[in-house]
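I have placed the structure first, in the form of structure tokens, so that the comments after it can refer back to it.
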Number of protein chains: 2
Amino acid sequence: MELDNRKFKILEAVIQDYLRTGEPVGSRTIAKISDLSLSSATIRNEMADLEEMGYIVQPHTSAGRVPTDKGYRLYVDSILAQKAHAESQRDAALKKREKELENIKKEYASRLDRMEDVMQAVARTLANDTNYATMISTSSGRNNKIKFVQLSRVEEKKLLVVIVMEGNVIRNKVFRVSETISEKNILRLNMMLNTTVTGLSVEQLEERLSAIEAENGNQPMLREVLNIIFETVRNADDVQIVTGGTTNIFKYPELSVSEIARDLITTLEDKQGLSGFLETVAPESEGIRFYIGEETPVKSMRDCSVVTASYELSDGTTGTIGIIGPKRMDYEMVVETLNNIRMRLDDLFSKN
Amino acid sequence: MELDNRKFKILEAVIQDYLRTGEPVGSRTIAKISDLSLSSATIRNEMADLEEMGYIVQPHTSAGRVPTDKGYRLYVDSILAQKAHAESQRDAALKKREKELENIKKEYASRLDRMEDVMQAVARTLANDTNYATMISTSSGRNNKIKFVQLSRVEEKKLLVVIVMEGNVIRNKVFRVSETISEKNILRLNMMLNTTVTGLSVEQLEERLSAIEAENGNQPMLREVLNIIFETVRNADDVQIVTGGTTNIFKYPELSVSEIARDLITTLEDKQGLSGFLETVAPESEGIRFYIGEETPVKSMRDCSVVTASYELSDGTTGTIGIIGPKRMDYEMVVETLNNIRMRLDDLFSKN
DNA sequence: ATTAGCACTCTTTTTGGTTGAGTGCTAACA
DNA sequence: TGTTAGCACTCAACCAAAAAGAGTGCTAAT
């Protein structure tokens with residue numbers, strides 16, 4: 001059987017109505033709301049076909065129809081195709097978003113040292129905007145370069161190392177050394193470090209670690225310091241994940257079921273579980289991705305749809321933004337919002 | 001009417017059974033489980049009295065009795081009085097806790113620069129231990145002293161300031177200055193800063209700010225730098241709040257009601273709302289505090305009990321730990337756990 | 001090919017009856 | 001006088017049957 005234009009129109013109508021109400025939709029409703037001017041009987045026949053093709057199902061005999069994952073998928077794909085042509089209109093909503101980004105920016109400026117906090121703010125705003133739950137992963141990437149290293153003594157046998165990365169991400173650590181070093185030696189170490197280590201990426205540093213040591217005559221103290229630096233920098237490379245608006249899921253009855261909600265919030269709270277998801281996403285598809293129902297790799301989200309967008313900042317930081325909502329989420333709005341955020345995220349950070 | 005010993009015993013029995021089951025408890029049950037050897041009829045009379053006195057209520061005529069906030073309060077107070085005498089026995093549970101703290105400690109050692117992360121870990125472990133939701137506030141306090149300051153140039157017109165506080169809390173910030181400063185000048189500034197600023201608390205710094213400027217001949221650059229330092233240090237003073245195990249509330253049917261759970265999780269997620277609570281608690285009562293039902297200052301917790309304990313670390317950091325659970329929480333266990341944590345928290349941090 | 005009409009199905013809501021837990025009260029008892 | 005047995009009463013919880021409502025599939029007419 002073929003999915004002709006009329007069938008598609010009907011499917012679309014079913015989905016759109018279901019997005020709105022969350023209730024199974026019947027043939028009569030479609031007959032009324034669509035502009036096809038067909039009787040409910042005709043629609044019924046078509047719907048039977050659509051069901052046979054697997055795009056919609058009845059929760060039970062004599063109920064209206066509900067879109068299946070396959071149905072959503074078709075719908076989402078069609079939206080995307082459409083979007084590709086007519087680049088979406090810039091409207092009032094955009095103005096609003098612009099303003100919100102302005103707010104985030106302001107907050108950001110005030111505490112530039114805490115990347116995580118900014119992400120947190122972005123996640124929150126995004127959640128507020130969309131009324132869905134959000135998650136954002138950030139990974140500064142293994143080719144983030146070291147820009148500046150500074151060693152200083154804070155106590156007799158305790159040193160402080162501060163490392164500034166490209167993009168002004170700062171890491172530091174206080175550590176204990178086995179023997180006292182003179183101020184003069186620290187000065188020397190600093191000079192040495194800034195000539196050899198600066199400009200290296202985490203990856204390069206790892207490779208060159210022993211070479212550097214050798215070049216500088218295998219001083220035991222140097223080895224110690226270098227290792228600490230490496231450890232510290234590598235930590236900065238950790239994937240961080242923040243979430244926002246988790247309680248938004250209570251806005252959708254189909255997700256408010258105690259068990260579903262609990263599992264969902266648990267996964268969102270313990271960010272660990274998400275990293276797998278967000279990290280596998282990124283590479284190839286540079287655009288926006290959809291995971292509808294069973295398509296999501298996380299079991300607790302099998303009643304949801306997840307839309308993700310990857311981003312890359314000019315300082316090499318990469319990550320993924322995810323929006324989690326009911327399967328009947330407003331896909332068009334979400335796509336638009338994500339595209340927007342993605343475009344502007346780089347501005348946001350690089351301005352500083 | 002007077003609350004004689006027998007009445008109290010009955011009240012206690014009612015509460016204990018209710019803690020266990022979560023269901024209203026009737027006179028027959030009490031007759032059976034208590035060792036008073038009274039008939040259910042007598043118990044009934046006594047219970048009627050207890051109800052009149054406001055310690056218990058019936059959810060509806062012909063239902064068993066449920067403790068009121070007042071009833072819980074009496075019970076909790078009595079436990080406390082009892083505890084004061086017989087200092088609780090050290091048992092197997094303690095061993096377990098010891099081990100968990102060991103774990104946290106290990107994690108802590110690995111990233112000493114992120115106090116927040118440790119708190120996070122503590123909150124999580126605590127939540128796991130108790131099966132309730134937890135929250136911890138930390139405030140480094142206004143009399144935390146500056147230990148070390150270091151200024152360095154990372155770009156032509158960008159400086160980095162690193163400040164180490166007593167207790168090795170590190171803060172840093174990259175900022176732009178209006179004119180280029182020579183390396184020599186930076187060196188001079190550094191020496192100056194470390195003689196004048198080191199050893200001052202945030203409060204003292206604020207007071208002495210203009211005095212220091214004056215003493216050093218009102219250089220415009222100095223003013224700029226000092227302000228940045230002050231701002232940065234003051235930020236470190238921010239109250240931070242972490243939460244853990246929020247989804248534990250789903251373990252208690254009476255809190256799993258969609259609306260209650262939503263409100264509760266929302267308050268826990270948006271930490272802001274909690275600070276009022278946790279901060280007002282601290283000062284006078286150095287021990288453990290109970291907020292039963294309506295006694296909690298946060299509306300969304302009116303169906304819960306909250307137990308808080310304040311702590312103070314040797315580096316001046318203070319804060320409050322809170323445990324949020326159903327009114328029928330296991331108060332004894334919670335008190336024990338909190339006391340434990342409180343005792344050990346200082347060890348945990350000061351060891352490093 | 002479309003549509004009106006009707007019988008049929010299945011959920012949801014309503015109704016009414018039954019059960020069981022638990023109470024309050026009274027009267028008997030020690 | 002305090003305790004207890006017994007009984008009438010209340011009310012939530014459960015269940016089954018009935019009614020209502022929404023929607024379908026199919027047939028026959030257009």
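Nothing here was measured: the structure is a model prediction, and the numbers come from that model.
Rounded to whole Å, the distance from CD on A:Gln58 to P on C:dT9 is 14 Å. B:His60 places its NE2 atom 9 Å from the C1' atom of C:dG22, with the value rounded to the nearest Å. Between the CZ atom of A:Arg6 and the P atom of C:dA1 there is a distance of 10 Å, given to the nearest Å.
Using a 4.0 Å cutoff on non-hydrogen atoms, no part of residues 8-20 of chain A comes near DNA chain D. For the segment residues 21-57 of chain B, the set of residues with a heavy atom within less than 4.0 Å of an atom of DNA chain D comprises B:Leu38, B:Ser39, B:Ala41, B:Thr42, B:Arg44, B:Asn45, in numerical order.
Aromatic rings from A:Phe277 and A:Tyr291 are positioned such that their centres are separated by under 6.0 Å. Ring centers of B:Tyr132 and B:Tyr252: under 6.0 Å apart, within the cut-off.
Between B:Glu254 and B:Arg328 a salt bridge is recorded (basic side-chain N to carboxylate O distance below 4.0 Å). Between A:Lys7 and A:Asp49 there is a salt bridge, since a side-chain N of the basic residue sits under 4.0 Å from a carboxylate O of the acidic one. Salt bridge absent: B:Arg73 and B:Asp69 never bring a charged side-chain N and a carboxylate O closer than 4.0 Å.
Looking at heavy atoms from C-beta onward, B:Ile43 lies in side-chain contact with B:Ile10 at the 4.5 angstrom threshold.
Proximity of B:Ser62 to the phosphate of C:dA21: no side-chain N or O atom is located under 4.0 Å from OP1 or OP2. Between A:Arg65 and D:dA22, a side-chain N or O to OP1/OP2 separation shorter than 4.0 Å is absent.
Listed by first and then second residue, the salt bridge (charged side-chain N to carboxylate O under 4.0 Å, His left out) pairs that reach into residues 21-40 of chain B come to none, sequence neighbours excluded.
A donor-acceptor pair is defined here as one N or O able to donate and one able to accept, closer than 3.5 Å; such a pair exists between the side chain of A:Lys70 and the backbone of A:Met53.
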